[in-house]
There are 2 protein chains.
Amino acid sequence: MFCTFFAAIVCCAVDMPWTNTQGAYFPYTTFAFLVGAATSMLCGYIGMVIATICNYKTTYLCNTDKFAGFKCAFQGGQVLGFCLVGIALLVLEIIILCYKAAMNPTEFEQAAHLFEFVSGYGLGGSTVALFGRVGGGIYTKAADVGADLAGKVDASLPEDSPKNPGTIADNVGDNVGDIAGMGADLFGSLAESTCAALIVSSGSRNMVNTPEAIYFPLVVTAIGIVASFICQWFAYIKTDKVELQLKIQLWVSTILMSAMIIPAIYMLPEDLGITFAGKEYHTTRWEAYTCIILGLWSGLFIGLITEYYTSKENRPTQELAEACKHGAAPNIINGLALGYLSTVVPIFCLAITVLVSFYFAAMYGVALAAIGMLGCLPIALSIDGYGPISDNAGGIAEMSNVHKETRENTDDLDAAGNTTAAIGKGFAIGSACLVALALFGAFVTRVATTFQLEGNAKWANAYNVNILEPFTFAGLLLGAMLPYWFSAMTMKAVGDAAQDMLEEIGRQFKVMDECTKRGEPAVPDHELCISISTNASLKKMVAPGLLVIISPLLAGMLFGFQATNGILAGCIVSGIQIAFSASNSGGAWDNAKKYVEAGLLTIDGEVIKKGTAVHAAAVTGDTVGDPLKDTSGPSINILIKLSAICSLVFGTFIAQYGGLIAGGAAQL
Amino acid sequence: MFCTFFAAIVCCAVDMPWTNTQGAYFPYTTFAFLVGAATSMLCGYIGMVIATICNYKTTYLCNTDKFAGFKCAFQGGQVLGFCLVGIALLVLEIIILCYKAAMNPTEFEQAAHLFEFVSGYGLGGSTVALFGRVGGGIYTKAADVGADLAGKVDASLPEDSPKNPGTIADNVGDNVGDIAGMGADLFGSLAESTCAALIVSSGSRNMVNTPEAIYFPLVVTAIGIVASFICQWFAYIKTDKVELQLKIQLWVSTILMSAMIIPAIYMLPEDLGITFAGKEYHTTRWEAYTCIILGLWSGLFIGLITEYYTSKENRPTQELAEACKHGAAPNIINGLALGYLSTVVPIFCLAITVLVSFYFAAMYGVALAAIGMLGCLPIALSIDGYGPISDNAGGIAEMSNVHKETRENTDDLDAAGNTTAAIGKGFAIGSACLVALALFGAFVTRVATTFQLEGNAKWANAYNVNILEPFTFAGLLLGAMLPYWFSAMTMKAVGDAAQDMLEEIGRQFKVMDECTKRGEPAVPDHELCISISTNASLKKMVAPGLLVIISPLLAGMLFGFQATNGILAGCIVSGIQIAFSASNSGGAWDNAKKYVEAGLLTIDGEVIKKGTAVHAAAVTGDTVGDPLKDTSGPSINILIKLSAICSLVFGTFIAQYGGLIAGGAAQL
C-alpha cells in the first residue's frame, strides 16, 4: 500500500511532463522504483523462508554434531547473501538494458538521464528498508523487551520458555529485524551506491565513450560474488572455533577481493575524466582502484574496531562488567562513554576514505569506496543471516525439550553470531555514510544539470554548498538534529510497544494461572503477542518514516535546494555518530551481561551468579541497550540514506519548483 | 601555570613579527589574553567568596523566615551576576580604549586589527572557563556521585550527613561547578560574542566612520545591566512561590530589555553597511534590533522548553517517573528518548534566529543575536548563583543540627533553584551555539583578510566554505565526532574520580567503625576527599582540554584552513545536540526522582516510598544523569566556543603557515 502511494507521488513529481525535462513519456523512475521495491521484498522473503527452514534443521543437527549445525545455519545465511546480491545486480542490469533499448541514448547527453531514471531502483530498495529496518527494529525489540521483562524478570522463566506467550514473537522478531531488516538495508546501500556511481560517471565523456567502463561498479559487485563464493569453502574446514571461522571468512574474502579487482580496472579508460562541480579530475585506473580498496579495507577495519569495543574478550566490555559491581548507574554511564569513544576510530577511517577518494575522483571516488565497502556483501550477509538462524535454533531447542547438550551446542553457535553481528552493524553504518555522501553528490549534480538545461547561466554555483550561507547553515543545524528526533521516535515506539506487550503477557499469565488452578491446560496465546508487535511496528514507523522522507523535500520546497543540501550534510555527519555510539553501547552492554553470566566476573575471588544485584545491574544495561543497538541505531542508516535518495529522485522537482519562500534558483 | 604557558604560545604564534602583519611591537593579543583570564578568575573568585558567606547566612535566616533566606540567597547570586557582567564590560572597554590610544588607528584599515588583538580577551575568558566548566564539572560530580553511592546507597546516611566524609567535597563542588563554572562559561560567551561583533563590524566603513556605532554591542550589554537592575526589585515582593518569583525575573527583564534597546539603536548609522564574504548587507537599524530581539526571546524560549521537559510539573518528567515502575531500564530508555526529543524545539529556535539574523546582517547579525541572548545575563547569573547557595544552605542546615523546619525551608528554596537552573543551562547552550558561529565567521574573515594583505588575489574564496570539498567534508565529519570523544573523556573522568572517592569514603567508614568500637570519637577526614576531587579534576581535564585546543589548530596546520572550517562547523552543529540532550535527560531524571520522593507517584492508589524498587530505579536514573547534566553536557559549550576562538586568535598563523600537507593558500 505504501509503495503504491509513494509510487504515485514519485510519478507526479518526477515522471510527468512538467518535470520530466527529457521529454520521456514512460514513467521510467516510477517503474524502476516499483521494481526496486519488489526485488528487495522478494530477497527479504526468500531470506526469511530459508531461515525458518534452516532453524529447525540446525536444532536437529545440533542434537548430534555441532559442526553440522553450524554448516546448516551458515548455508541458510548464504542463501540470503548470494540471493540478495545476485538478484539485486541482475535486476539492476536488466533495467539498465531495457531502459537503454527504450530510450536509445546514442548521445552523451542522454546517458545521465538514463541513470537518473534508474535511481528510482535505489529509492524502491530504501523504501522497503524503511519497513524492514525501522518497522522490523520496532517489531523485534518490542517483542524482546516485552517478553524479557514479563517472562524473565517478573515470572522467572528461562529465555525462550514456551510458557512465555511472547517467545514466538521474540523469535519471529529476530528473523524480521536481523534478516529482513539487515538485508533490505544493505540491498538499499548496494542499489544506491551503484546508482550514484552511474549518475556521476555519466557526466564523464571518457567513461561514456568507453562502452564497458560505465558498468565498472556492477562488475566490482559481481567480482565480490565470485570472491565470496570461493572463500565460503573455507567455512567447511572442520573446526571447533566457530567465531574464528566466521572471521576468517571476512579476512579471506577481503584479501581475495583486493586481488581480483585488479584485472577489472583495465576496463576503465586510462583517464577516467570524471567531472564534478565543473572541475575535471584526471583519475587514473589505479586511483580508482585505491578508492575501492580504501572502502573495502576501512569496512573491515571499522568492523574489527566495533568488535574490539563490544566483544567480551576485550578490556572495554570487561570494564563495563566490573562497573556493574557498583550498580546499574555506573554500568550505564560507562557504557554511554564507551559508545561515544567507539566513534573515534571509525570516523577517522571514514574521513580518510572520503578525503582520499574524493580527492582522486570526486563523488565517483566516494561511490566506488562505498561499492568497495560492500564488495564482500555476500559473505557479510551470510554471517548476518547466520546469527538469527542459530539464535532461533536455540529457541526451538528450548521449546522442544531436547536434551541439554543440544541447547549448549546452539548457544555456542549463537554466541559466535552475536560477536560477528557487531561487525556487520559497524560495516552497515560505514557504508551508509559513504552511500549517503555519494547520493548527496548525485543530488547536487542533478540540481546543477537541471539549471543547466533550463539555461540558467549560473548553474555551476549549484555545486557550491557554502555553509556560510544562511539557508545552508540553518539546514545543517536542523539536519544534525534529525537523527536525534528520529531516534527519540523509534526509542519511544519500542518503549510503548514493549509496554503493550508486557501488559498482554501479564494478562495471559493471570489467565493461565487460573486455568492451572482449575486443572485445565494452560496454553499461551502466541498469536496475540505477534499481532501486537506487528501492529505496533506498522503504526509506529509512520511518524519516523514521514520525518525522513518529508524533511529534505519540505526544506527544499520552502527554502530552496541549498537548505536541502544543509539538511543532508547535517544529517549524515551527526547521524553516523549516533548510529555508531548507540550500536556499540548496546553491543557492549549485551556482552557485559554475557560476561557476567559466563561466570567470568569475581568479587574477592568469588564468582558472581545469576540473580545477584551485580547480575541485575548487567541485565539493566542490556535492556537499555536493546532498543539502542537493534532499533534506533541501525535505523539511522535508513534515515541518512533514504533522505538522500529521496532528494536525489526529487532533485529536478526541487530545482524547478523549490524555494517557495526563499527562491530556489535565486540562491544560485 | 597553564595560562602562562598558553600565553607564551599565543605570543609566539600571534604576536611575533613573523605573523604580526600589522607591524606592532607590543604583544597586544597576549596581553589581552592574560587580562581576560585574570578578569574571569577574579569574577569567579568574588562569586565563590560571596556564595560561601551567603550560604550560612541563608541557613540562619531560614531558621525564622523563608522569605528572608530567599532574599539573602538571591542577593548572593546577584553579586555574581552584576559583578561578572559589570567587570567584564568595564575591563573590555578599558582594553579597547588603551589599545586605541596606543595604536592610534586613524585609518579604517586598522580598526580590524585593533579588535583582532582584543579578541585575546575572549580567549582568556574561555580558557579559564575550561577550568571552571570542565574541571569544575568533574570536581562537583566526582564528589557528588562518590558521596551519594558511598553514603546514601551503601551506608544509608541522609543527604549532606556530616558523618559522610564526602559531604564537604560535595558542597564545595556545588560552588565550583555552578558558580565558578557557569560564571566563567557565560563570561566567556559574553566576551567572545562582543569580540566577534567588533571584528565583523570593523569591516564596515559606515560603522567605523560613525564613532559610537562600533560600541553598540557593549551598549546593549550595558542596557542589560540596567534592565536587570530595575527588574531585580520585583524579587523583593514578598510571596511564597519562590519558583514563580524567579521566573518573573526572567520574563520582566526580557520585556524591559526589549523596550530599552530601542533608543540605543539610533547610535547605529541608518545603513550599517556590514560587509561579509565580499557582499554588502544594507542592514537597517531595525533589522539590527530584530537580530537582538530574536536572540533575546529565543533564549527565553529555549529556557522555557528546557523547563517543560525537565520540570516535575509536566508530562515528560512524570512519564519518566511512571516508567520507573517497570525498573531502571525503561526509565533510562525513556530518559534518553526525552533528551533526544527535547533538542527539536530549541534547534528550531536557533535555526530561525541564525537564518534571520544572518540574512539581515551576516555574522554581525549572529553576533548581535548572541549578545541579545546574553542581554539579561545579570539576572540569569543571579538565578544561577542562587541555586548552589540555597543548595549549600541546606547542607549547612543538615550538618549543624538545626530544627527540621529550617531544613524544610532550605529544601523549598533549593527545589526552586533546581528548576530555574535548567533554564540557565538551556540558555547557556543556545548562546554558545550563536557565539561559536559568530566566532567561526570572524575566523573566516580573519583568514580572508590575511590573504588579502598578502596580496593573494583569490582571497575572497576564503569566505566560501564549500562542504563538497574533500578537506571541508572530512573536517565536518571529524568535527561532528569531537563532541562524542570529548564527552566520553569527561564522563570517564567523572566515573574514575567517583570510583576513587567511593573507595576513600569506604576506607574512612571502616576506620570510623573501628574508632566507634574502641569508644574513640569517629571523625571523618573531609580534607582528604576534597583533595581527591581537586586532583582528579585538574589531572583529568588535561586530555579533553588539549583535544579542544589542538584539534582545529592541528587540522589547520596540516590540511589548511578549510579543514579547520569543517571541524568548527561540524563541532557546533553536532555538539549542541548532545549538550541539549545530555542536560535535559539529566535534569528530567533528577526531577523524576524528586517526583517519586515527593510521594506523587502511586501504584493502585498506594504512594511509593523511599527505599522501594521503584525509588531505586529513579535513583539510578538520577545517578546516570548527574555526569551528563553537570559535566559532559555543559562542557560541550566550552568545546564549541574555545575551539572557535582558538582558531580565530591563531587565524593569521593558520592562514600563513597552515596546510603543511595539503597547502593552505593553495586551497583558495
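To find a chain, count down the sequence lines: A is the first, B the second, and so on, and within it residues start at 1. Only this structure's heavy atoms are used, side chains among them; waters, hydrogens and symmetry mates stay out.
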Exercise: identify the closest heavy-atom pair between I333(A) and M491(B):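 Closest approach of I333(A) to M491(B): O-CE, 3.6 Å.
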
Full working for side-chain contact (heavy atoms from CB on, under 4.5 Å) between Q499(A) and E322(B): CA-CA 12 Å; Q499(A) 182 66 33; E322(B) 294 286 334; over 6 Å; no

Report which part of [X] has an atom under 4.5 Å of a heavy atom belonging to chain A: side chain, backbone, both, or neither.
X	answer
Y463(B)	backbone
A277(B)	neither
F276(B)	side chain
L350(B)	both
S581(B)	side chain
M489(B)	neither
N464(B)	both

Chain B contacts, top residue of I576(A), T623(A), L468(A) (heavy-atom pairs, under 4.5 Å):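 So the answer, after comparing I576(A), T623(A), L468(A), is L468(A).
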
Top of V356(B), L355(B), I332(B), T343(B) for chain A proximity - count of heavy-atom pairs under 4.5 angstrom: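 Of the candidates given, the most pairs with chain A belong to L355(B).
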
Below 3.5 Å, can you tabulate the donor-acceptor pairs from side chains in residues 469-485 of chain B to any protein atom, sequence neighbours excluded?
from	atom 1	to	atom 2	distance (Å)
T472(B)	OG1	N466(B)	O	3.3
Y484(B)	OH	Y484(A)	OH	2.8

Rounded distance [0.5 Å steps], NZ in K492(B) versus CG in L341(A):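 So the gap between those two atoms works out to 9.0 Å.
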
Value rounded to 0.5 Å, distance of CG in N334(B) from CG in D496(A):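 These two atoms lie 7.5 Å from each other.
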
Chain B contact via F580(A) - side chain, backbone, both or neither, heavy atoms under 4.5 Å: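 When you check distances to chain B, no heavy atom of F580(A) falls under 4.5 Å.
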
Residue part contacting chain B, namely of V444(A), when any heavy atom lies under 4.5 Å: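 Side chain only.
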
